[in-house]
Amino acid sequence: MRKYRLSWKNNTSGVSDYYEAPVVKKRMAQYLGGETLEDATAIYVTRCDSWTKLKTIKKPSELDFFLGGQSDVGRSLWDKKYLIAHLDIEYVNFDFPAEPYLDQERSFSLQVPLVDTIKKILAQYGIAPFHLVTGRGHHFTWLLRQDSEAFKKLKDCGHLSRYLAKFYRMGHGPEGESITRDLAKAYSGLGLVLESLVWRVLVSGSLGTEIPVKPFCSPEKKCERGWEALIVDISEYGDPLHTRMIRLPFSLYLKPWEEDVLSEGGIGPKTGLSCAIPGDGLDTSLFAEVTHNPERILDLAAGSDAHIPDTSVEMEKLIMDYERSRVKYYHDWFFSREQCRPSEWPRTYDLFSLSALPPCARKILTEPNDLLLKPVCIDYLVKILLSLGWHPRHIAGIMRSKYERDHAWGDLWYHYDAGLRADFYCRVITSGIFLGTDKLDTFGCELPRKFCYCEKDCPGLEKYRLSLLKRRDDGKLASSPFNRLLL
């Protein structure tokens, strides 16, 4: 029985006492892959923040470094013994980012059909993931061993470029650990399988959500409270393994403060601090109440288990279904083309005439920072180029050629990988079109006018939309070379 009471009044008091509770550290150690911090299998722990803003990564045994600083804490997606599958579901409002924190009851209720569908599909394979609830959504995680048959199958599915393989061989862990070729390929393969799973969720007849559901953080249409959407995010599989982390259960949730979405109008004090908590067995209507109450959270920690389940055997069936799927056929088609190498860019991508593009698309390519970092702008650009006959792998190639040129990116692409990021977005966006999930009914001027860039003298996008629809319906995506540059 605890001999003290905790309070987060004014957002600060009581946090140190909370983090000193033994049950909190015990649950965190379980999620890190051990019974204690010393036998954890996670490569590192760190603050939950952008990799480019990270100051320090530490061994799991040094967790107190972050708890003492009252940080929100994450573990590496990279693990010594396992490969981690992770789905991140969240509500996003592109007009008013504070919306999910101010009306958590609504944002969580909107996600119920999506969460139920994901659990139902995973249950068909015997997969019961660890379910974590955060300030605006859900995280589902499950494991497979690196010595399992499922891992070998994923390795065979994966793709690894020469430059990324070389990058992985450098020391990236707190003790100079590097990432093996087998692990890198299996990580790639897992991303492809999860992409297939996401499309299966999105076409499920039982989804029935009130607002659009997207596989990446991009708006689709205006809804009841502005431009809002539910995101099933697997974007970590579009970045190098060592750069991505996932939030620990019972960690503080400081994302709205890190993103500075609560400062306007004194919103922050109204919401108060919250924690990431296990969601299984907890009614949706209680999420918002429990996550802000340290006493309730400690009671929840005392009665829960935070081990991520090992689903090595169960994953074999999911991988087999992927290998027989139309998504796998599409992935094979996507990777059938090789991008032009940097030495070839001056006589290939650089020679592409931008005159064929509408002014808004030209703007994205001529002034890519930061338009070419925004998924909504990438989505729009990919569709324009697809309508002109580009293969999506070459669209990724021209994106990479912009990322790796001097557009004041700072050190961004020294941490992340330009080719991997470009491949991910071009592949996922085009797969929605290829599979018919993206009906292209919102492909028009409204999105670029609000979120990208628009010139008033633009003739419009209808001819590009009709061209892309015809190419898709006739089975002729990327059926001809563009500008006769890439034959």
Side-chain angles (χ1 to χ4, degrees), residues 77 82-90 111-132 137-144 148-151 153-159 185-209 212-217 229-239 241 244 246 279 308-335 423-425 427-438:
L77 199 61
Y82 299 98
L83 192 59
I84 301 178
H86 176 235
L87 294 179
D88 178 4
I89 294 88
E90 57 187 9
Q111 296 173 59
V112 169
L114 177 58
V115 168
D116 288 347
T117 299
I118 290 171
K119 287 185 172 183
K120 181 180 178 180
I121 291 176
L122 289 176
Q124 294 172 6
Y125 297 94
I127 297 173
F130 185 88
H131 179 194
L132 188 69
H138 306 258
H139 295 258
F140 296 105
T141 48
W142 61 101
L143 304 173
L144 57 141
S148 67
E149 287 299 316
F151 182 89
K153 289 179 180 293
L154 289 176
K155 182 183 66 174
D156 292 339
C157 294
H159 297 264
K185 287 199 69 178
Y187 174 67
S188 168
L190 178 59
L192 299 179
V193 171
L194 291 179
E195 181 186 330
S196 177
L197 175 64
V198 169
W199 286 122
R200 184 172 168 184
V201 169
L202 297 191
V203 300
S204 171
S206 61
L207 201 53
T209 55
V213 184
K214 303 277 288 184
F216 51 91
C217 194
L230 301 180
I231 311 300
V232 186
D233 187 7
I234 54 169
S235 63
E236 60 257 63
Y237 299 94
D239 284 322
L241 172 59
R244 301 303 291 255
I246 51 179
I308 306 176
D310 181 349
T311 65
S312 301
V313 174
E314 293 82 357
M315 277 293 290
E316 290 185 46
K317 179 63 164 55
L318 181 60
I319 297 167
M320 288 174 59
D321 281 357
Y322 163 71
E323 292 173 333
R324 296 190 290 257
S325 71
R326 195 158 177 251
V327 178
K328 175 62 163 61
Y329 174 84
Y330 162 75
H331 285 159
D332 289 343
W333 175 77
F334 177 85
F335 287 108
D423 265 359
F424 172 80
Y425 279 106
R427 190 185 72 237
V428 173
I429 291 166
T430 307
S431 66
I433 298 168
F434 180 88
L435 298 169
T437 306
D438 186 340

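In this view, H131 and K119, H138, D280 satisfy the side chain to side chain donor-acceptor pair (under 3.5 Å) rule, not counting sequence neighbours. D239 pairs by the side-chain contact (heavy atoms from CB on, under 4.5 Å) definition with T243, R244, Y416, R421, not counting sequence neighbours. For K328, the side chain to side chain donor-acceptor pair (under 3.5 Å) partners at least two apart in sequence or on another chain are D332. Here E195 pairs with R427 under the salt bridge (Lys or Arg N to Asp or Glu O under 4.0 Å) rule; sequence neighbours left out. Applying the side-chain contact (heavy atoms from CB on, under 4.5 Å) test to D321 and every residue at least two apart in sequence or in another chain returns Y125, R200, K317, R324. Not counting sequence neighbours, D156 has no partner by the salt bridge (Lys or Arg N to Asp or Glu O under 4.0 Å) test. Taking the side-chain contact (heavy atoms from CB on, under 4.5 Å) definition, one finds that P129 meets it with L122, I127, F140, W142, sequence neighbours left out. By the side chain to side chain donor-acceptor pair (under 3.5 Å) test, T141 pairs with Y31, sequence neighbours left out. Taking F334 as the reference, nothing meets the ring-ring contact (aromatic ring centres under 6.0 Å, His included) condition, with sequence neighbours excluded. The salt bridge (Lys or Arg N to Asp or Glu O under 4.0 Å) check on E323 picks up nothing, with sequence neighbours excluded. Here E236 pairs with H86 under the side chain to side chain donor-acceptor pair (under 3.5 Å) rule; sequence neighbours left out. With sequence neighbours left out, L144 forms a side-chain contact (heavy atoms from CB on, under 4.5 Å) with L83, S148, A150, F151, L154, S312, M315.
With contacts defined as side-chain heavy-atom distances shorter than 4.5 Å, the pair L77/L241 qualifies. In this structure the side chain of I308 never reaches within 4.5 angstrom of the side chain of Y82, judged on heavy atoms. No side-chain heavy atom of L435 sits under 4.5 Å from any side-chain heavy atom of V203. Contact check for S325 versus Y330: no side-chain heavy atoms found under the 4.5 Å cut-off. Inter-residue side-chain proximity for I234 and F424 is flagged as met; some heavy-atom pair is nearer than 4.5 Å.
To the nearest 0.5 Å, atom OG of residue S196 and atom CD1 of residue I319 are 11.5 Å apart. Of the inter-residue distances, the one linking I118 atom CD1 with L114 atom CG reads 4.0 Å to the nearest 0.5 angstrom. Between the CG atom in L132 and the CD1 atom in I89 there is a gap of 11.0 Å [rounded to 0.5 Å]. Within the model, atoms NZ of K214 and CD1 of I429 stand 8.0 Å from one another, a figure rounded to the nearest 0.5 Å.
Considering every non-hydrogen atom in both P309 and A128, the closest pair reads CG-O, 3.2 Å. Pairing each heavy atom of I84 with each of Y237, the nearest pair is O-OH, 2.8 Å. Nearest heavy-atom pair across E90 and Q111 is CA-OE1, 4.0 Å.
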For L197 and L87, run side chain to side chain contact (heavy atoms under 4.5 Å, CB included): C-alpha distance rounded to whole Å, both residues' side-chain angles, the deciding distance at 0.1 Å, then the answer.
CA-CA 10 Å; L197 175 64; L87 294 179; 4.1 Å; yes
Derivation of the side chain to side chain contact (heavy atoms under 4.5 Å, CB included) call for I246 and D88
CA-CA 9 Å; I246 51 179; D88 178 4; over 6 Å; no
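In the model, W199 has no side-chain atom that pairs as donor or acceptor with a side-chain atom of T437 under 3.5 Å.
Between F335 and H159, the ring planes lie parallel to each other; the angle is under 30°, not in the 30° to 60° tilted range. Relative ring orientation between F434 and W333 is described as parallel, the plane-to-plane angle staying below 30° on a 0-90° scale split at 30° and 60°.
With P215 as the fixed residue, the side-chain contact (heavy atoms from CB on, under 4.5 Å) test singles out one of L202, D233, I231: L202.
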